[in-house]
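Labels below follow one simple rule: chain letters A, B, ... track the order of the sequence lines, proteins then strands, and each chain is numbered from 1.
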Amino acid sequence: MPELPEVESVARSLRPRLVGRRVVAIEVSGLSLRRPIERERLERALAGAKAEGVRRVGKYLLIDFSTGNVLLVHLGMSGRLLFARPGEARAPHTHAVFRLSGGLELRYVDPRRFGVLRAYSAGELERSPELSVLGIDPLAPDFSVAQLIAMLASARRDLKGFLLDQSRLAGLGNIYACEALFLAGLGPRRRTHRVGAAAAARLFGAIREVLEAGIRNRGTSFSDYVDAEGDQGSNQNTLAVYGREGEPCRVCGRKIRRVVQGARSTFYCPGCQK
DNA sequence: GCATTACCCTGAAAGC
DNA sequence: TGCTTTCAGGGTAATG
């Protein structure tokens, strides 16, 4: 389940071999992802263009090309971007293949087809339906405690739903939202406007800490996630609450609970989180 | 404005 | 063993 740390890890694993290569040809499966892959649009924007950089915004991956055009990728639930040699057998559910200069391919594989793959011109990107609705990236240098306090005060909802709302904070998903709330000692059902300044500061630190740890561990590999070189992350070994229903809290020993909020599982410790 | 629900999709796991 | 059902979840849209 790619969230911010997984997407960041994919971006980092793409750069060394992708930057500097040109797109020689593009093939697509014809099957629709969350939205259809428009082959002609990709062709127009990317054919012959040289990859110049790889960025991340929230859970979106952006590959910048010499033409000024950008390939926007969302990995959805099960999306992978993988390097491969042209002769290598293609994995099932390979939806796009970018043949690159120097005898390398970049393949997009996505069994559950929740991902997005779309090309934009530099001017269109900011106004795209994907990026135009995003809130602030929690690792952005200008994100501050004061900003989080203001956001919490203006929202009137439960903390877990707030953290998952990409129009406020862009990048947290179910795993890191649960972990951040545990680390901050805050219950997932707490109302945002009832979180005081001290607790908000703890939450701010916790969000950054769980995301940075996730990046250090090169992502959480529960089922599908691997980076562009096919390597798994190790962050799943460090999780305090996510996926640990019924197991003892490592801090207080009480059993981790699971509740459903907004059709998503929330894991929390009833002893440590208030 | 926010909460809830359904939907898209496949594969793994659980249940029978 | 083998089939069927359930569950996982990011984002979006419809509904209350």
Which nucleotide, [options], lies nearest any side-chain atom of [X]?
{"X": "A:Arg264", "options": "C:dG9, B:dA3, C:dA8", "value": "C:dG9"}
{"X": "A:Ala155", "options": "B:dC2, C:dA8, C:dG11", "value": "B:dC2"}
{"X": "A:Phe114", "options": "B:dC8, C:dG11, C:dA8", "value": "B:dC8"}
{"X": "A:Arg113", "options": "B:dC9, C:dG11, C:dG9", "value": "B:dC9"}
{"X": "A:Ser265", "options": "C:dA8, B:dT5, B:dC2", "value": "C:dA8"}
{"X": "A:His93", "options": "B:dT10, C:dG11, B:dC2", "value": "B:dT10"}

Legend entry - Cation-pi check, A:Arg157 onto A:Phe162 ring (under 6.0 Å, within 45° of axis): no
Just the rounded figure in Å: distance from [atom2] of [N] to [atom1] of [X].
{"X": "A:Leu134", "N": "C:dG10", "atom1": "CG", "atom2": "P", "result": "15 Å"}
{"X": "A:Leu31", "N": "B:dT10", "atom1": "CG", "atom2": "C1'", "result": "12 Å"}
{"X": "A:Lys160", "N": "B:dC2", "atom1": "NZ", "atom2": "P", "result": "17 Å"}
{"X": "A:Ile175", "N": "C:dA8", "atom1": "CD1", "atom2": "P", "result": "13 Å"}
{"X": "A:Leu164", "N": "C:dG11", "atom1": "CG", "atom2": "P", "result": "9 Å"}
{"X": "A:Leu131", "N": "C:dG11", "atom1": "CG", "atom2": "P", "result": "12 Å"}
{"X": "A:Leu159", "N": "B:dC2", "atom1": "CG", "atom2": "P", "result": "13 Å"}
{"X": "A:Asp165", "N": "C:dG10", "atom1": "CG", "atom2": "P", "result": "13 Å"}

Does [X] reach a base, just sugar-phosphate, or nothing at all? Heavy atoms under 4.0 Å.
{"X": "A:Gln166", "result": "sugar-phosphate"}
{"X": "A:Asp158", "result": "sugar-phosphate"}
{"X": "A:Arg168", "result": "sugar-phosphate"}
{"X": "A:Tyr176", "result": "nothing"}
{"X": "A:Arg191", "result": "sugar-phosphate"}

Inset, instruction - Establish, yes or no, whether a centroid distance under 6.0 Å links the rings of A:Phe182 and A:Tyr242. - result: no
Legend entry - A:Leu14 reachable from A:Leu72 in the ILVMFWY side-chain graph, under 4.5 Å edges: no
Inset, instruction - Would you please confirm or rule out a distance under 4.0 Å between OP1 or OP2 of C:dG9 and any side-chain N or O of A:Tyr242? - result: yes
Legend entry - Below 4.0 Å: OP1/OP2 of C:dG9 and any side-chain N or O of A:Arg112: no
Inset, instruction - Using the closest heavy atom to pick a nucleotide of DNA chain B for each, name whichever of A:Ala263 or A:Arg156 lands nearer the 5' end. - result: A:Arg156
Inset, instruction - Measure from the side-chain N and O atoms of A:Ser13 to the backbone N and O of A:Asp227, and report whether any donor-acceptor pair falls under 3.5 Å. - result: no
Inset, instruction - Look at the aromatic rings of A:Tyr108 and A:His95 and report parallel, tilted or perpendicular, splitting at 30° and 60°. - result: tilted
Legend entry - Donor on one side chain, acceptor on other, A:Tyr176 and A:Thr220, under 3.5 Å: yes
